[in-house]
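Let me begin by presenting the structure, written as structure tokens, before commenting on it.
Below, chain A is the first sequence line, B the second, and so on; all start at residue 1.
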Number of protein chains: 2
Amino acid sequence: MTGDTGGAQAPLRSASRVTLDDVARHAGVSAATASRALGGGPHVAAATRERVRAAAEELDYVASPEAARLAGGPTGRVAVLVPHPSRWFFGELLEGLEGELRAADLDLVLFRVGGPEERAAFFARLPARRKVDAVVVLTPVDETEHARLASLDVAVVAAGGRVAPYPSIAVDEHAAGRQAMDHLLHLGHRRIGMIDVEDAGRPDGRRAAWEAALRDAGVGPDGDLVVTVSADGEGGADGMARLLGLRSPPTAVFAHNDEIALGAVRTLRRAGLRVPEDLSVIGIDDHPLAALTDLTTVAQPVREQGRRAGELVRAALRGELDQQAATLPTRLVLRGTTSPPAAPR
Amino acid sequence: MTGDTGGAQAPLRSASRVTLDDVARHAGVSAATASRALGGGPHVAAATRERVRAAAEELDYVASPEAARLAGGPTGRVAVLVPHPSRWFFGELLEGLEGELRAADLDLVLFRVGGPEERAAFFARLPARRKVDAVVVLTPVDETEHARLASLDVAVVAAGGRVAPYPSIAVDEHAAGRQAMDHLLHLGHRRIGMIDVEDAGRPDGRRAAWEAALRDAGVGPDGDLVVTVSADGEGGADGMARLLGLRSPPTAVFAHNDEIALGAVRTLRRAGLRVPEDLSVIGIDDHPLAALTDLTTVAQPVREQGRRAGELVRAALRGELDQQAATLPTRLVLRGTTSPPAAPR
DNA sequence: TTGAAAGCGCTAACAT
DNA sequence: ATGTTAGCGCTTTCAA
């Protein structure tokens, strides 16, 4: 009945009873000095610092974050608000972020804020309250939510997109969209559809790029050519079907992201249409499966955005929020789903 | 130079200065009683408990987890060791896990243990020490690593695969492999290749299923038909290329997972071969892109495995590690990448 | 049933 | 440059 494997049964007590006092004693100094030495504080002789470090190492000392925090120090934890951990984009962001935070000895605490109820629950209860030194948001945040976050009274940074008032690491969505659109236009396409996602209606986003590119090319954008779908393959498939149902379907499609683009390609194949001969498709992201499916796309450095967000957090915690925002470059990746339109009209 | 937006500048102090003492005073009791009342402790009059609860509610009191922990309580945190957060499988696992932990008011702290150096660093420094009540491993753990984890002195559970000595939630790898292989055999294939991953050489795993299925079908397994690759699309593409280079290539391929299968399909298409007419391909997972690419596969409930692991953690923290392991079902999903072999030999 | 008192392990003044 | 002294906010004996 009671377990036989290595799991802990009883009230689960913490291991490593080595305290700062032990280290201090071992190094022949006071706890205060040991604290300063380890914490990188001022007024510690280099030799002393080294001695304390050695003692800590030898005793395999690990500070109690609880006690540190309680005594006024930082928690050593960073909350990350992520909508969909299972989507490649967010996983990649998380990976970059985790690496950078870990390097700074900061723990990453994951909070999922996907559906409306989850969001509401998070912002209502604010489970991160008093538990973290900073928050990284990987999702847009509205006015009300911003106010709630502000009540946490910690630094907030954004990654993977601009989020209203926070320092952020992102790509230029508009520029990325232009790269995609200009490629299609350059190939000779004029009737270009867009499969966009629900809430991405930023004024300087991908959708705006679609419109601007067409205007610049002297083509009056046709509102019928924009469909709005969920941000996944299913959405892309649906969106493409809707575009195909148009009286005059497009000769090329710009998808909000690669998953959507792949969904679009699937609908086209099912409809017996050839890609790119009959219809060109381009996405954004450079998802690993884009290479596998030979999808033309605009690549963005996702993991790097996460990493840089980690740097932003570290800077903020040092009290130097130097850069308010950074924009990373995107680049067109030519593959096999785009070509000149079939029949010149 | 100093920021102008809403970020916190100064030493980042915590919000919510309402303490237990405030609540106690408000309710006209002592801090000790308030603590017992809120914490569900014994020896508190129902009326008193209610009064304290009301006071806490009114003051919007949030207990300091730091202080609670320091005074002997649990941390309310669970560490999760994940190899590749950006891979769909792990993201999905994380999502399920997070939901269940959140419901129990447990925070999920993410530790990436991908490459060998990362693993080594984690197990050497054990950054989760003293910080969590339990650990969830989403990756195999060897003897040495197990010993290190044990030194944490907290409950450990596994998800997404059996991990030696821990309670775990997983699917039956062998059965899943058999489902895939039996499907191919049933279609009439006899020369079936396998693209497996590096370290997945569990004795009761997918590879063993490949072999067992062939033997049961009266086919002597040909070792040349097994190639070992990295667990992603690139690996699948490479593996398929190697199989095509064989003197006598297979008529069907069983891929360790869907990403690998998609990579294999890509190589086939590039080689001018038709799928499934010339060669059938089956994967495992039911990755969202499998539906989009019409890939036949064996589906496993990934998110559910994460969720169930969360339940396991909750049970462990209550001191009742009831179930030592649970096995979730898999099911064959017929799509368009498998068919009977072209030329009966 | 309730209260008083003693820490948990650490950091931050303030002294020296 | 280092040591001393107070707490941080809570839980938990132990008394009442």
Original post:
Run the ring-ring contact (aromatic ring centres under 6.0 Å, His included) check on B:Y166 and B:H146 step by step: do they pass?
Top reply: CA-CA 10 Å; B:Y166 310 120; B:H146 166 60; 5.3 Å; yes
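With D:dC10, C:dA13, C:dA4 as the candidates, the nucleotide lying closest to the side chain of B:A32 is C:dA4. For A:R36, taking side-chain heavy atoms from C-beta onward, the closest of the listed nucleotides D:dG3, D:dC10, C:dC8 is D:dG3. Side-chain proximity of B:V44 to C:dT2, D:dT2, D:dC10: nearest is C:dT2. Of the candidate nucleotides C:dG7, D:dG3, D:dA1, D:dA1 has the atom nearest to the side chain of A:A45. The side chain of B:L70 approaches C:dC8 more closely than any other nucleotide in the set D:dT11, C:dC8, D:dC8.
Here C:dC10 presents its C1' atom at 9 Å from CG of A:D21, a figure rounded to the nearest Å. Atom C1' of nucleotide D:dA1 and atom CZ of A:R51 are separated by 12 Å, given to the nearest angstrom. The CG-C1' distance, from B:L20 to D:dG7, rounds to 17 Å in whole Å. Rounded to whole Å, atom P of C:dA12 lies 12 Å from atom NE2 of A:H43. Regarding A:Y61, its OH atom lies at a distance of 10 Å from the P atom of C:dG9, rounded to whole Å. Following rounding to the nearest Å, B:E66 (CD) and C:dC10 (P) show an atom-to-atom distance of 14 Å. Straight-line distance from the CG atom of A:L38 to the P atom of C:dT11: 8 Å, rounded to whole Å. Atom C1' of nucleotide D:dG9 and atom CZ of B:R25 are separated by 13 Å, given to the nearest angstrom.
For D:dT2, neither phosphate oxygen OP1 nor OP2 lies less than 4.0 angstrom from any side-chain nitrogen or oxygen of A:S30. Put simply, A:T33 has no side-chain N or O that comes within less than 4.0 Å of OP1 or OP2 on D:dT2. A sub-4.0 Å separation between OP1 or OP2 of C:dC10 and a side-chain N or O of A:S64 is absent. Contact check, A:T48 against D:dA1: no side-chain N or O comes under 4.0 Å of OP1 or OP2.
The nearest heavy atom of DNA chain C to A:A67 and to B:A34 marks one nucleotide each, and the one closer to the 5' end goes with B:A34.
Between A:L152 and A:V135 the shortest side-chain heavy-atom distance falls below 4.5 Å.
Salt bridge A:D107/A:R102: present, at least one basic N to carboxylate O contact under 4.0 Å. Ion pairing between B:R87 and A:E92 fails under the 4.0 Å rule for side-chain N and carboxylate O. Using a cutoff of 4.0 Å between basic side-chain nitrogens and carboxylate oxygens, B:R314 and B:E311 are not scored as salt-bridged.
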